[in-house]
Each structure stands twice: as C-alpha cells, then as structure tokens.
Asks: 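Supplied in structure tokens, the structure appears directly below.
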Amino acid sequence: MASESDPAPSNFIRSMIEKQAASTVATRFPPEPNGYLHLGHAKSICLNFGIAQDFNGWTNLRFDDTNPDKESEEFMTAIKRDVEWLGFQWKSLCYASDYFDDLYSCAVALIKSGDAYVDSLSAEEIREYRGSLKEPGKESPYRNRSAEQSLELLEEMKSGKHNEGDHIVRLKIDMASSNMNMRDPAIYRIKKTHHYRTGDKWSIYPLYDYTHCLSDAIEGITHSLCTLEFEDHRPLYEWVIEKVKASSVAVELGSPVQTEFGPLNLEYTVLSKRKLIELVQKGLVSGWDDPRMPTISGLRRRGFTPDSIREFCRRIGVTKSSAVIEISVLETVIREELNESAERRMAVLEPLKVVITSLADDHNEILQFANHPNKPELGSRQLPFTREVYIEQSDFEEDPPPKFKRLVPGGEVRLRSSYVIRCDEVIKDENGKITELHCTHDPDTLGKKPEGRKVKGVIHWVPAGHSVKSEVRVYDRLFNQPNPLAEDNYLDAINSDSLVVMEDAQLEPALASSAVGSSYQFERQGYFAVDEDSTAERPVCNRIVSLRDTWS
RNA sequence: UGGGGCGUGGCCAAGCGGUUAAGGCACCGGGUUUUGAUCCCGGCAUUCGUAGGUUCGAAUCCUACCGCCCCAGCCA
C-alpha cells in the first residue's frame, strides 16, 4: 500500500513549477455548488492541494456560485465535507459571490474604457450573429453605442428594471476571431433569482469566463489549474485580467496563469455532474451517496478510504491527454489498503445448512480465529463450532466442474480454522432442491493435516445457532459498457444487476456490533463495510470489492 | 479545406538528443499458503501514430501525413 513517503510522481505541471522557481504556489479548487463531488474532482483536489503542499504554498476552496438557479447550500455543505474527508485543508473558504461588488466595478470600468458594452439583441439573434466555426460573426448593432448609454442600461439591469433576456453585457473583442470564446463573450446576464448568499441584492449575475479569472486574480492565485476543455478559454482569461488591470478600477489583481490538464474518465461509469444529477433525479440510484456512484460520498459509503482515493489519484497521473482509466486501478488501491488493515471475519452470503452428524446435539466447542493471517498483532477472536453450521451454497456441487476443490458428495473439505468434514448425504425437498447436507467431521484434523490423504479445499462457515442474520449488498459496476457514452443514450447502458441484495446472509457473531463504516474482509469473498442502514438487530453490509479471483 | 489540444505495450505513465525505453494496473507462468486471497520469483514494447529528414547518435529536433478529443450556453 502507498504510504505517506511515496513521492508524488513527476508530471508536466510539477516540472513547470520547478523550472519557474516561483516564490509561492497558490492554487484553488473551484467547484460550482450544483452537485456532489466525484472522482474527477478528487483528481483536481489532489492536484491543487497536493502541489501547493509540496511547494509550501496554499490552496483556497472557492465556490463558483454565479448561477443561483442551480446551486444550493446542501451542495456546499457536502463539498466542504468531502474535501476535508479526503484529507485537505484550505487556506480560505471563498465564494465568487464575495467579489460581486468588485466584479461590477470592473465591468463599469471596462465599459468606460470601451472594452465592454450592453447588447440588446435577443439570445437567438446573438447566436445568429456569432457565426459558425468556419465563418466569422457579425457585430451587434448595439456594439458601438456610447459608454454612457451602456452604463445607464447596466445600472438599470442591476436595479431590476429589465426582464431576463432583455439586455446583456458583452466584452468587445473580435467577432471574427477563430476562437469562438473571443467573439464578444457575455459577462453579465439578467437573472432574477434569489442567491443563497447575496439574497435579492442582485438581479444580474456574472458569467464564468469573466468571474473565474478575476476571482483567481483577486485571491492571488498563481496557478489556475483546470481541465482541457478550458484551453480555448485561456486567451479570454488573460484578456480580461489584462484589460481590467489597464483600467482605473481600484481592485488589486495578481497574475494567475491558467494551465490545463486532462480530465479523468473511468471505465463503466460516468463522471459528469450533469449525468450524475440525472441518475439521482431519475431515481436510478438511491441518491448522491449510493454506493455505486463515483461520487466521493458514494465511495465513502461503499467503504473506500481517503487514502485509497488519494492513492488512486497518484497512480493515474496528471497529463494533457484525456485518460480512460480501467476500473481495476480503483479496485486495486482499496484491496491493497484493506488487505493490510482489515480484520478477517466469516460470513455466509447464501447459506446452506450442514449437519455434522458425528457431533452431539449440544456440541459447542470454542475455536480460536486469527484476525489477520499475516499479522498476529491484530489478535484473535473466538467462534463456537456446533453440530449445525452454514456454508455457502456455491461451495457445494453435486456435479462439480473440473478442478472444483470445494465440497462434493462423498468428498472432504476443510472448514476454515476448524475440522475437515466429509459429505455423506445430500438432503433434498420434493422439488429436488438441496435443503441440507449431512456430514461427518474428522476429529483429528483440528490444526493439523489429515492422515494419509490430501484435502485441498478450505471453505468458510458460520455456526448456525450463533450467527447473525443480516443483509449484504453486493455491488457491481453501474454500467455494463466500458464507455456508456458510446451508446445513443448512456442510460441504456445501465447495469440492471449492479446491486444484488443477499437477504439471508449469516455473519459470525463477532460482527454483531460492528460500527457503521468499519470494514472487514469476509474470508474468500471480499471486503465489506458496515452500512449506515444497519440496525442493532440487523446489520447491513456493503461489498466494497471482491477478492481477486483467478479461478471463476 | 476555422481554431485549440493529444498520440510511448491491453489501460495509465516516466522519459526533455547518447538509458538494455522507468514504474503501476492488467495479463501469463512458477513457488509458499488451512482465504482458488495475500506474499514471493519470473515473463510481458529491438520500439515510441505513419512516412521522410537533420545528426556519429532521435521517443526526444524538423517536415508532411494519419487518427482521436474540445469549441458556435444569457452553464461552469
């Protein structure tokens, strides 16, 4: 497992910073509070906070709250929790809305300097005037109206005198630019929505391209790291800061530099907030923290740890290409961590009763079980061995496939940390369904190999009268396609078997009072975490990940 | 035939003119094992999208071509 001493791997951003020998490295993680954080954000968080840490700098958490239609306090709360849970501390908690007054002053200054204007074209007209990828746009007839007139209209927009869509503030750049972002981008729109933080003060809200760069500059961010899709926005980012600096506004601005890195893509899932919102809203998952979701909260509930997610981010690297990461990378990081740290327990997910006829009805032999096969310091626990036990249905086959090394009629198998048993009789009901097995045990096999023969198989079990009935939720990938977006509709690729509930699982008694969130290895099956749906009478466990399986 | 990016093994990814082309995941052996787990040992790119060129020497420099991604929200 990765330790704190594992150095962050080299990447192009770190190399760049090393060459710069900058005095400070100031970054920010700037989510819009319109949803929950997911693995893609984790990559950005680890990059932004990690790189600042390593260069003795700092990182702000900034909510990009410029679109009150979609944003809420619930999301801000969840985001803060997730960043902290991942193990990072921000220097300042900031909000783009903190800068609304400054941003407005800057807009006034840009109008005065002739770098912005109020346009009164409709949205459709603006789209037509914008031209296409291959054809230049046309200038709005309002583009050259006087600064005084624009200022007057802006003031009216701000005070709510106009309806949404009536006017808009645009930068005056170049309608013929080959970069669409430079064709007089909009920077303020009328929106008469209550804002969680600023209330009803504003009836205009600034747009991303205008807000983000200035927010970075105001906070003194040195390295503004974002994903590849914003590459085309960089010239605009720089243009805005330069023009505002050249104006006479009394807003102090630093000189942030935007650098873009490749977004994270993970097989068998989707990592776009819009689509995750859709999954939640359509009820295709139980919520943002559904253990199948690639959200931080979903992974946490599933049983992933902050360390494992940070290690995942370390392993995938940071480059300028859009990587598609195999799911095995994620599975491996949590397996590696839990293999070291998780205590072993026995649990039978689909029970089959076994009667050991060679034992007395009241046989109750206390056996000792190591909590970890390679770590004696983790201690041991006791488990009674009784006449009736449960084994896994899949550990018995009347007609076994080749190389099957579990229990078969007339065959022997080792009950884990206990005795070797032989299957004497298969009991079935009138439908031919196996209801129980009658076996005999070899009393001379506790802690030693049987005489004169080899028993290859070892299976897990629980004592029938002493086990705890519980619900075990076996999760699988949410989509059945490596790339759900390759479908016409990605929802067609939803895996209908992504959750299988084992209603009759039997846990060994030591698991009865496990704390919510604690995780264990259920021997031979995988790693499981105790879910928050657990009750005192009925624990609920989530399968985090199966054990590696080179047989089936 | 608008602009911006990216192409190193199945998936990531180091590499920055001289290395036998790191490492991880995956996969394939073999050993240990009372978890078909773990652990251990071994294998896994004569080659860096393709074709030319520069150079004593190229994944690294140049040229052309090919492929993939992003951009026409009053979203971020």
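First the proteins, then the strands, lettered A, B, ... as listed; each starts at 1.
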Asks: Classify A:Arg344 by what it touches in the nucleic acid, base, sugar-phosphate, or nothing, heavy-atom distance under 4.0 Å.
Replies: base
Asks: Which residue pairs pass the salt bridge (charged side-chain N to carboxylate O under 4.0 Å, His left out) test when at least one of the two sits in residues 318-330 of chain A, sequence neighbours left out?
Replies: A:Glu231-A:Lys320, A:Glu260-A:Lys320
Asks: Answer with base, sugar-phosphate or nothing: what part of the nucleic acid does A:Arg414 contact at a heavy-atom distance below 4.0 Å?
Replies: base
Asks: Please find out if less than 6.0 Å separates the ring center of A:Phe528 from that of A:Phe522.
Replies: yes
Asks: Measuring centre to centre across the rings, with the benzene-like ring taken for any Trp, is A:Tyr208 within less than 6.0 Å of A:Phe230?
Replies: yes
Asks: Could you tell me whether A:Ser322 contacts a base, only the sugar-phosphate backbone, or nothing, with contacts defined as non-hydrogen atoms closer than 4.0 Å?
Replies: nothing
Asks: Does anything in residues 207-215 of chain A reach RNA chain B, meaning a heavy atom under 4.0 Å, and if so which residues?
Replies: A:Leu207, A:Tyr208
Asks: So what does A:Ala323 touch, heavy atoms closer than 4.0 Å: a base, only the sugar-phosphate, or nothing?
Replies: sugar-phosphate
Asks: Donor-acceptor pairs under 3.5 Å, side chain of residues 30-41 of chain A to any protein atom, not counting sequence neighbours: which ones?
Replies:
from    : atom 1 : to       : atom 2 : distance (Å)
A:Glu32 : OE1    : A:Asn34  : ND2    : 3.0
A:Asn34 : OD1    : A:Lys273 : NZ     : 2.7
A:Tyr36 : OH     : A:Glu74  : OE2    : 2.8
A:His38 : ND1    : A:Gly40  : N      : 2.9
A:His41 : ND1    : A:His38  : N      : 2.9

Asks: Hunt down any stem RNA chain B takes part in, defined as 3 or more consecutive Watson-Crick or G-U pairs whose two distances are each under 3.5 Å.
Replies: B:2-7 with B:66-71, B:10-12 with B:23-25, B:27-31 with B:39-43, B:49-53 with B:61-65
Asks: Tell me what A:Gln521 touches on the nucleic acid: a base, only sugar-phosphate, or nothing, going by heavy atoms under 4.0 Å.
Replies: base
Asks: Assess the residue pair A:Tyr117 and A:Leu171 against the criterion (side chain to side chain contact (heavy atoms under 4.5 Å, CB included)); give the C-alpha distance rounded to whole Å, side-chain angles, the decisive distance to 0.1 Å, and a yes or no.
Replies: CA-CA 6 Å; A:Tyr117 61 101; A:Leu171 261 16; over 6 Å; no
Asks: Can you tell me how far C1' in B:G52 sits from the matching atom in B:C44, rounded to whole Å?
Replies: 32 Å
Asks: Applying a 4.0 Å non-hydrogen cut-off, can you work out what A:Thr445 is touching in the nucleic acid: base, sugar-phosphate, or nothing?
Replies: base
Asks: First contact, last contact: which nucleotides of RNA chain B are these for chain A, 5' to 3', heavy-atom distance under 4.0 Å?
Replies: B:G2 to B:A76
Asks: Using a heavy-atom cut-off of 4.0 Å across all strands, would you classify A:Lys70 as base, sugar-phosphate, or nothing?
Replies: sugar-phosphate
Asks: Within the structure shown, what part of the strands sits under 4.0 Å from A:Val413 by heavy-atom distance: base, sugar-phosphate, or nothing?
Replies: nothing
Asks: Test the A:Lys138-A:Tyr129 pair against the cation-pi criterion, namely NZ or CZ under 6.0 angstrom from the six-membered ring centroid and within 45° of the ring axis.
Replies: yes
Asks: Listed in order of residue number, which residues of residues 401-408 of chain A have a non-hydrogen atom at under 4.0 Å from RNA chain B?
Replies: A:Lys403, A:Phe404, A:Lys405, A:Arg406
Asks: Quick one: label A:His167 by what it contacts on the DNA or RNA (base, sugar-phosphate, nothing), any heavy atom closer than 4.0 Å.
Replies: nothing
Asks: Test the A:Arg197-A:Tyr95 pair against the cation-pi criterion, namely NZ or CZ under 6.0 angstrom from the six-membered ring centroid and within 45° of the ring axis.
Replies: yes
